[in-house]
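Bear in mind the structure is a predicted one, so any value in this text is a computation, not a measurement. Reckoned from all heavy atoms, side chains included, excluding hydrogens, waters and symmetry mates.
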Amino acid sequence: MKEFENIPQQDFERIEAYILKKMPEKERKEFEKEILSNAGLKKEIEIQREMMLAVEAGEMKNRLDSIHQKVTERKSITRWLAVAASIIIFISVGYWMLNKPDKAERLFAANMTVDPGLPVPMSATNNYVFYDAMVDYKSGKYEVAISKWEPLLAQNPENDTLNYFVGAAFFNQEKFEQSIPYYEKVAGQSESSFAGKSEWYLALDFLKLKDFERLNKLAQESKTDYAAQIKELNQKLE
Amino acid sequence: MPKKEIEQSGFSGNQVIDEFIENKNNALEKLYKHNYKIVRSYVLKNSGTEADAKDIFQDAMLVCWMNLKEDKFIVKNEFSLSAYLYKIAKYKWLDKLKSKQHKTTVNIPVTDLESEDMDSFELSETQNKLSYLLGLYSRLDTKCKEVLNQFYYEGKRLEEIASELSYDLGSVRTIKYRCMQKLRKMHAESENQINK
C-alpha cells in the first residue's frame, strides 16, 4: 500500500480552483487535457471533491440542528404568547373585579349625604321624647338618639319617621349594615314622604357594603322620586 | 460551494432548490419549515418519538441535499422536492422500524415498505457515503472546521476569513491547505483499512 503523501500546496490549490470553477478559461482547457492523460490527477480531483463535500455535509448537519431549534421554537413562542395573553386577560379581569369595589368606594364618597334631621319646634310638643332625641341627633349624639327613639319605635314599629331617623342615626355612625332594616321598612311604605330618601340611603348602604346585587335589584325596582338617581348610581358602577 | 455556474447540473431553475445546493441558510430554513411537519406527523403516527422525527428528517434532508449536489436526482420544483424528501424520510423510518422489530413487537405497515418504488440501493449508497464523510469531518479540530466551513460551506473569500479571524491571508491559505490534507490523510488511512 502506498503511504500517504501530501500533495504540494500549489497543486492542491490548482485542483481547488478547477473544482470551484475559478480557473480562467484558457487554463481550464489545458488542465482538462492534462486530466485526460493523467489518471492519478483525475483520481485526486475526485477525492478532493469528496473532502470538500465532507466539510459541507458536516457543517450542514450542524446548521440543520440549529434550524430545528428555530423552527420548533416558533411553536413554543406561540405557546408563550398564548400564556402571556391569558395572564394579561386574567390580570385585567382581576383588576376590573378588584377595581369595582374601589369604584364603589369613590362613588359612595361622592354621593354620601347625611340627613340633617328635622327642625325642632321651639314650643312644647306632645312628641317631646322624639324631639329631644332629635336634638341629640342633630348634635351628632347618634347613640343617645337611638336609645331614646327605640322605646318609641317599639310602640310604633311601623312609624316611618322613627324608622327613617333611627336608620339615619346608624348610617351616620357608619353602621351601614344596621341601618338597612330600618330604611327597608320605610322604603316599602310607598305613601311615606321618607320612602324615596330611604331608598336612596339603602342604595348608599348597598354601595358601601359592596352588595352590588341588591343595589342592582333596587335600581330595577325603585319607583320613587329617587329612582333615577339610584339607577344612575348603579350604572356608574359598570 | 458558492457561485454555482449554470454548467453544474443541479441548476433546477428553482431559486430555493439552487440555494439549497449552495447551502444558503434562507433556503434551508424555508425547506425545513415547509417539510418538517409532515415527516414528523408520519413518524409519530408510526411509533416514533419527537427525537426520532428530528433525526429522520435531518438525515433525509442531508441525503436529499447530497443527491442533488451529485446529480443523482434532478428536481424541477419544490413540490417534487417535498415529495422526494418525504419519500426518503418514510423509507428511512420504516427501515429503522424493521431493525427495531427484532427487539420489540412494533407493528410495521409492511405494505408501505414494499410499495415504495424508491431505489433503495441508491438511497443506502448515498447514506453510506454521507455517514463516512461526516465521520471524517467530525475528527477535525475546531480550528480547522472554522476555516474550512467559512470557505467551503459559506463560500467566503479568503480575505474575509482572514480579517474575521485576524490572520493574514497567507496563514489562512496555509491553514486551509493543511486541514484539507488532514482530511485527505484520514480518508487514505481508512481506505487502507478497507483494503480497496
Heavy-atom cut-off 4.5 Å, strictly under: side chain, backbone, both or neither for B:Lys129 against chain A?
side chain

Which atoms of A:Leu64 approach chain B - backbone, side chain, both or neither, heavy atom under 4.5 Å
both

What part of B:Leu134 gets closer than 4.5 Å to chain A, counting heavy atoms only: side chain, backbone, both or neither?
side chain

Anything under 30° is parallel, anything over 60° is perpendicular, the rest tilted; go ahead and classify A:Phe171 against A:Phe108.
tilted

Who wins among A:Glu13, A:Glu50, A:Glu16 for the most heavy-atom pairs under 4.5 Å with chain B?
A:Glu16

Does B:Lys92 come within less than 4.0 Å of B:Asp55, counting only side-chain N to carboxylate O?
no

Under a 3.5 Å distance rule, please check whether B:Lys156 uses its side chain to pair with a backbone N or O of B:Phe151 as donor and acceptor.
no

Pick one: which of A:Glu44, A:Glu34, A:Glu30 meets salt bridge (Lys or Arg N to Asp or Glu O under 4.0 Å) with A:Arg14?
A:Glu34

Chain A contacts, top residue of B:Leu140, B:Leu130, B:Asn25 (heavy-atom pairs, under 4.5 Å)
B:Asn25

Which bit of B:Leu148 comes within less than 4.5 Å of chain A, counting heavy atoms only: side chain, backbone, both or neither?
both

What is the ring orientation for B:Tyr32 with B:Phe57, classed by angle as parallel under 30°, tilted 30 to 60°, or perpendicular over 60°?
perpendicular

Please check: side-chain N/O of B:Asn35 versus main-chain N/O of B:Leu31, any donor-acceptor pairing under 3.5 Å?
yes

So for B:Met186, is it side chain, backbone, both, or neither that comes closer than 4.5 Å to the heavy atoms of chain A?
neither

Chain A contact via B:Arg178 - side chain, backbone, both or neither, heavy atoms under 4.5 Å
neither

Between A:Glu59, A:Gln48, A:Arg63, the one whose heavy-atom pairs under 4.5 Å with chain B are most numerous
A:Glu59

Flag side-chain contact, heavy atom, 4.5 Å: B:Glu159 against B:Ser163:
no

